[in-house]
There are 2 protein chains.
Amino acid sequence: MTAEAKPKASRQRATWKQDPEAVKADILRVAREEFAAHGLSGARAQEIASRTKTSKRMIFYYFKDKESLYREVLEQAYRDVRNGEKALELENLDPVAALRKLVSYTFDHHRQNEDFIRLVMIENIHRGSHVAASETIKAGNSPAVEQLQEILERGMQQGIFRSDINPLQLHWKISGLCFFNVSNESTFSVIFGNEIATQEGQIALRDDVVHTIVNSVLV
Amino acid sequence: MTAEAKPKASRQRATWKQDPEAVKADILRVAREEFAAHGLSGARAQEIASRTKTSKRMIFYYFKDKESLYREVLEQAYRDVRNGEKALELENLDPVAALRKLVSYTFDHHRQNEDFIRLVMIENIHRGSHVAASETIKAGNSPAVEQLQEILERGMQQGIFRSDINPLQLHWKISGLCFFNVSNESTFSVIFGNEIATQEGQIALRDDVVHTIVNSVLV
DNA sequence: TTCGCAATTAACCGATTGGTTCAAAGCGAT
DNA sequence: ATCGCTTTGAACCAATCGGTTAATTGCGAA
């Protein structure tokens, strides 16, 4: 009963049976999976609710409507991915090794975050209107381009990289290959067989992508 | 009244006011646009009907249900694109020139067939289940890989191409870059600015893609 | 002219869906 | 004990949506 630490602003609700933050987090987690699986119009509020510990009522109580929920899912997904871009410590590596590491990391990272890839696909179907509406997504764009630029500058100084490389274009190429690998795996496998989707195929492909990118910047 | 040319099998209905083939074609055209714009679950039967010269009833009369219509739209889209892959006459060019032409053609082709790209995106959201269910799509896969293989062989014989190039992987890389360019333009522009989406940006990008691909096969 | 099938229209329907109403319960503060 | 705000549950609802019923017309064939 000793009122130890009772800040007015920060609500101390760890002891509550009612735990709104946990409920919201639960909804967001399930909603991300459902939106990633079925798209904005394809996902069903009832289905999200069923897979949650709470009820459909709470979805609209906390998130207003379906589209707002979708927007929050998107924002959280971008936030998670950015936080997940752990420090690669590329500064200590020579430019070629740094670039190799960055590319293969991106390749694996996309592969491991399929839900995020699918959300971005869905968002592109919507012509990016929801990411455009989100200031937080637009504001904190990933440090990938700056990292690249730093690597490129070092490589140019050493005379091993071409001097006419556009960092944004290079980032675009890396993203494109790593993204496409995940986004189009289904149709590509159906039409050309799953040679590339197998584990060995993916290893060979990653090597190829790394090689192709590195090769494109060497003098 | 002289019953001139009245084949039993091939119905001569050019003179009819009722023209089922035209009605079906009209529905398919609008349906393709609507599915490409809003996805399978997002597209509305009523909206498709409204933009057609006919009624909603006719959609279900000719196409059974929404999913069947979607499947026919997909098949027609793949058919159109394959027919549109006009003869590039690459045989007469030296291997490098042939490859350059193939890549830049693919780049432009994807750019010009946005609806098709979007249908493929949507299909990947559905994990390719509808293309997998279509024998006609699986059967006639594009001649792109064979064309590539032919170019690669000539290049290898001349000693200017590496001997360890996997044609399918090379096709994958070309597809990936050209596809991503269209599919992810929206989100990429929102986050990194539209430098790449501008006309000049696209020209520079195409040159870069061609260069990157060619560079990746040279010894 | 009439028969019979294909094509077409208008009205209709049941199920689903996103979203709400309303009242009750949890809980900190006093 | 009780006030007042937040959180929750159950039932409910209006609109939307894919799909259908049933009756009508167009038209070639006999």
Side-chain angles (χ1 to χ4, degrees), chain A residues 1-28 30-31 34-35 37-73 130, chain B residues 1-28 30-31 34-35 37-73 130:
Chain A
M1 303 300 176
T2 60
E4 50 192 0
K6 202 195 308 174
K8 189 182 177 183
S10 72
R11 303 160 183 211
Q12 184 70 30
R13 281 187 181 161
T15 60
W16 280 36
K17 251 189 263 177
Q18 300 182 159
D19 192 346
E21 295 309 315
V23 171
K24 284 169 76 169
D26 191 27
I27 293 171
L28 275 175
V30 175
E34 288 294 316
F35 282 129
H38 309 292
L40 172 51
S41 54
R44 301 286 163 235
Q46 185 54 253
E47 179 63 21
I48 295 173
S50 302
R51 295 186 44 207
T52 298
K53 272 173 288 187
T54 182
S55 63
K56 193 175 70 164
R57 172 70 180 81
M58 301 311 289
I59 293 175
F60 296 100
Y61 177 67
Y62 283 124
F63 297 96
K64 187 185 163 192
D65 57 22
K66 198 188 187 184
E67 219 175 300
S68 302
L69 174 60
Y70 170 77
R71 232 179 291 128
E72 290 219 34
V73 163
H130 307 90
Chain B
M1 307 302 175
T2 59
E4 51 193 0
K6 201 194 309 176
K8 190 181 176 185
S10 71
R11 303 161 182 208
Q12 184 71 32
R13 281 188 181 160
T15 60
W16 280 35
K17 253 189 262 178
Q18 299 182 162
D19 191 345
E21 295 308 315
V23 171
K24 284 170 76 168
D26 191 25
I27 293 172
L28 275 174
V30 176
E34 288 293 317
F35 282 129
H38 309 292
L40 173 51
S41 54
R44 300 289 164 232
Q46 184 54 254
E47 180 61 22
I48 295 173
S50 302
R51 295 186 43 207
T52 298
K53 273 172 288 187
T54 182
S55 63
K56 191 177 70 163
R57 174 69 182 80
M58 300 310 288
I59 293 174
F60 296 100
Y61 179 66
Y62 284 124
F63 298 96
K64 186 185 164 193
D65 57 23
K66 198 189 188 184
E67 219 174 300
S68 302
L69 174 60
Y70 171 77
R71 231 178 292 127
E72 289 219 34
V73 163
H130 306 91

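In what follows, chains carry the letters A, B, and so on, assigned in the order in which the sequence lines appear, proteins first and then strands, with residues in each chain numbered from 1.
A 4.5 Å side-chain heavy-atom check between B:L69 and B:I48 finds at least one atom pair inside the cut-off.
With respect to the salt-bridge test (charged N to carboxylate O, under 4.0 angstrom), the residues A:K24 and A:E72 do not qualify.
Whole-Å rounding puts the A:I48 CD1 to C:dT17 C1' distance at 12 Å. We find that CD1 of A:I59 is positioned 14 Å from C1' of C:dT20, with the value rounded to whole Å. In this structure, the CD atom of A:E34 is 15 Å from the C1' atom of C:dT17, given to the nearest Å. Rounded to an integer number of Å, the gap from A:R57 CZ to D:dT6 P is 14 Å. When the C1' atom of D:dG9 is taken as reference, atom OH of A:Y62 falls 13 Å away, rounded to whole Å. The distance from atom CG of A:D26 to atom C1' of D:dT8 is 15 Å, rounded to the nearest whole Å. C:dT21 atom P lies 15 Å from atom OH of A:Y61, rounded to whole Å. As rounded to whole Å, 12 Å separates atom P of D:dG9 from atom NZ of A:K53.
Here the CZ atom belonging to A:R44 is positioned 6.5 Å from the OG atom belonging to B:S41, to the nearest 0.5 angstrom. Note that the CG atom of B:D26 and the CZ atom of B:R51 stand 9.5 Å from one another [nearest 0.5 Å]. For the atom pair OH (B:Y62) and OG (B:S68), the distance works out to 16.0 Å, reported to the nearest 0.5 Å. Atom CG of B:D65 is separated from atom CZ of B:R71 by 7.0 Å, given to the nearest 0.5 angstrom. For the atom pair NZ (B:K66) and CD1 (B:I59), the distance works out to 10.5 Å, reported to the nearest 0.5 Å.
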message: Evaluate B:E47 against B:H38 for side chain to side chain contact (heavy atoms under 4.5 Å, CB included), listing each step before the verdict.
response: CA-CA 11 Å; B:E47 180 61 22; B:H38 309 292; 5.9 Å; no
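The terminal axes of the helix from C:dT1-D:dA30 to C:dT30-D:dA1, fitted over 5 pairs per end, subtend an angle of 0° to the nearest 10°.
Contact annotation: B:S55 side-chain N/O to C:dA10 OP1/OP2 distance is not under 4.0 Å.
For the ring-ring contact (aromatic ring centres under 6.0 Å, His included) test, residues two or more places apart in sequence or in another chain that qualify with B:H130 are B:Y70, B:H126.
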With 3.5 Å as the limit, what N/O pairs link the protein to nucleotides 13-18 of chain D?
from: D:dC17; atom 1: OP1; to: B:R44; atom 2: NE; distance (Å): 2.8
from: D:dG18; atom 1: OP1; to: B:A43; atom 2: O; distance (Å): 3.2
from: D:dG18; atom 1: OP1; to: B:R44; atom 2: NH1; distance (Å): 3.4
from: D:dG18; atom 1: OP1; to: B:K66; atom 2: NZ; distance (Å): 2.9
from: D:dG18; atom 1: OP2; to: B:A45; atom 2: N; distance (Å): 3.1
from: D:dG18; atom 1: N7; to: B:K56; atom 2: NZ; distance (Å): 3.3

